[in-house]
Amino acid sequence: MIRFEEFTGVSLVDKKANSSMHWKMGTGQGSMKIDTISYLNEVGVLSPTCKHEIPDTSLLKMYRAMQTTRHIDERAITLQRQGSITFAMSALGEEACSVAGAAGLEEGDWIFSQYREAGILFWRDYPVQDYWHQMFCNAKDVNLGRQMPNHYASPERNIVTVSSPLGTQIPHAAGTAYAMKMRGDQKVAMCYFGDGTTSEGDFHTGVNFAAVRKAPCIFFCRNNGYAISTGLERQFASDGIAPKGIGYGIHTFRIDGNDVFAVRETVARARKICLDGEGPVLIEAMTYRRGAHSTSDDPSLYRPEGEDELWEKRCPVLRLGEYLKKQKLWSDAKDKKLLKEIQEEVTKAIEVAKATPKPPLHTLMEDVYFEIPSALQEQYEELKRLYPGRD
Ligand SMILES: Cc1ncc(C[n+]2csc(CCOP(=O)(O)OP(=O)(O)O)c2C)c(N)n1
């Protein structure tokens, strides 16, 4: 196993976390120094220590899904600024966590995401059009406009709706994993969250439950340095997130979250650990939130200058692109063609989503109560008066 800083000459430590080894309580292995698993360096050179083979078709699919995610995020921010959508969040710089993480899973595994993981959708061939219907919260939105933008879901792909209150997906994932274990399904649940979310009670409840019940659940933490404006040093005193997994007695890995090989290999390995009955796994993926927290945030007020430039060099998309070119699987010309294709597909999808009407008012009242309570009915009647023709 190679440490990120030895391999790339750039320290990942910064203000974040020491650094990887697989550490498991009671095995007597390791000390509290946790190294970072990393194979693909910043200029796209794969370490010879990497034994994880990824088929060329998967590498190319990952690349496309990452580029799609990046482009979609850029367009969403512009649309929000133009007033066409209400809100947007970007995964700029963190695309490997979602895409390569989903690529390490198998069909039928459940995914519970936070909100910066749209890449899971594109890995699982989610239509770009449906993504934009959700961003516009229109009548074709899977949530019928009841959620904010970026709260995607795909029931047919086992991707559970994003939930705004942080951490609520963690006990849900642990419970789903335990249910699958009880039923004898050979499937896992994977749950994404950010570093800030590990300070929520639900993180501790969910991880402890899964640990005690040996539920086949992969807890995937994107340690991107910030919880909105709160840097890591003001969030917790531990060496990153990995010690929290060790504390709960579960298999724990720290990886370079911008390296598709490290991410995909570790998720596939975690999956095997889960299905071998060894209990849940925590993965801490070291990455960086290069954009603002959301369109309501201005990171220039709290982030030191130069930090983004440092992480721009560690870009997961560029890194994979460089590797593919070295393997003669990719070229600048193919890149140009791909970006044009993505851009055209997205532009068309945005136009369709924009022209799609908002959901009818009655959908606001449905799907919760068997019989609509009278107070709600009164509100509905008032809404109908205020918005004639929209019921
Ligand atoms: C229970 C709860 N508390 C606070 C918030 C407000 N909030 C939204 S996102 C966020 C930061 C989360 O940071 P992190 O988990 O590190 O994820 P990141 O945004 O960095 O990807 C906060 C505090 C919320 N949505 N839910």
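All values below come from the heavy atoms of this structure, side chains included, with hydrogens, waters and symmetry mates left out. Numbering of ligands and ligand atoms starts at 1, following listing order. As the structure is a computational prediction, the values presented were derived from the model and not from experiment.
Ligand-side atoms of ligand 1 in range of G194: 14 (P), 15 (O), 16 (O), 17 (O), range being under 4.0 angstrom from any heavy atom. Less than 4.0 angstrom separates some heavy atom of R116 from each of these atoms of ligand 1: 18 (P), 19 (O), 21 (O). Using a 4.0 Å cut-off to heavy atoms of H293, the atoms of ligand 1 that qualify are 9 (S), 10 (C), 11 (C), 19 (O). Heavy-atom proximity to G196, at under 4.0 Å, picks out these atoms of ligand 1: 14 (P), 15 (O), 16 (O).
For atom 3 (N) of ligand 1, the nearest non-hydrogen atom of the protein is E200 OE2, 3.7 Å. For atom 4 (C) of ligand 1, the closest heavy atom belonging to the protein is L166 CD1, 4.0 Å. Here the protein heavy atom with the shortest distance to atom 11 (C) of ligand 1 is I228 CG1, 3.6 Å. Nearest protein heavy-atom contact of atom 20 (O) of ligand 1 is Y226 O, 2.7 Å. Protein heavy atom in closest approach to atom 15 (O) of ligand 1: T197 OG1, 2.6 Å. In this structure, atom 25 (N) of ligand 1 lies nearest to the protein heavy atom S164 O, 3.0 Å. Distance from atom 17 (O) of ligand 1 to its nearest protein heavy atom, with residue and atom name: Q114 NE2, 3.1 Å.
Aromatic ring pairs are classed by plane angle as parallel below 30°, tilted from 30° to 60° and perpendicular above 60°; the pair F193 and F219 is tilted.
Between R289 and D195, no side-chain nitrogen of the basic residue sits less than 4.0 Å from a carboxylate oxygen of the acidic one, so the salt-bridge criterion is not met. Electrostatic pairing of E309 and K313 does not count as a salt bridge here, judged by no charged N lying under 4.0 Å from a carboxylate O. Electrostatic pairing of D256 and R319 counts as a salt bridge here, judged by a charged N lying under 4.0 Å from a carboxylate O. Under the 4.0 Å criterion applied to side-chain N and carboxylate O atoms, E322 and K325 are assigned as salt-bridge partners. Here E341 pairs with K337 in a salt bridge; the nearest charged N to carboxylate O distance falls below 4.0 Å.
Under 4.0 Å from ligand 1, the heavy atoms of R222 that appear belong solely to its side chain. When heavy-atom distances to ligand 1 are checked against a 4.0 Å cut-off, Y115 comes that close only through its side chain, counted from C-beta outward. If you look at N224 next to ligand 1, the close heavy atoms, those under 4.0 Å, all belong to the side chain.
The number of heavy atoms from other shown groups lying within 6.0 Å of CD (E371) does not exceed 12. Other residues, nucleotides and ligands contribute at most 12 non-hydrogen atoms within 6.0 Å of the OH atom of Y387. At most 12 heavy atoms of other shown residues, nucleotides or ligands fall within 6.0 angstrom of atom NZ in K140.
Residue contacts with ligand 1: Q235 is excluded, as none of its non-hydrogen atoms falls under 4.0 Å.
Cation-pi geometry between R303 and Y226 is met: the NZ or CZ atom falls under 6.0 Å from the ring centre, inside 45° of the normal. Judged by the 6.0 Å and 45° rule, K384 forms a cation-pi pair with Y380.
For ligand 1, the polar-atom distance check finds no N/O of P165 at less than 3.5 Å from any of the ligand's N/O atoms. For the pair F193 and ligand 1, the shortest N or O to N or O distance does not fall below 3.5 Å. Not one N or O of R289 is nearer than 3.5 Å to an N or O of ligand 1, by distance alone. Any N or O atom pair closer than 3.5 Å counts here, and E94 shares no such pair with ligand 1.
The minimum heavy-atom distance between G257 and C97, with the atom names listed, is O-SG, 3.5 Å.
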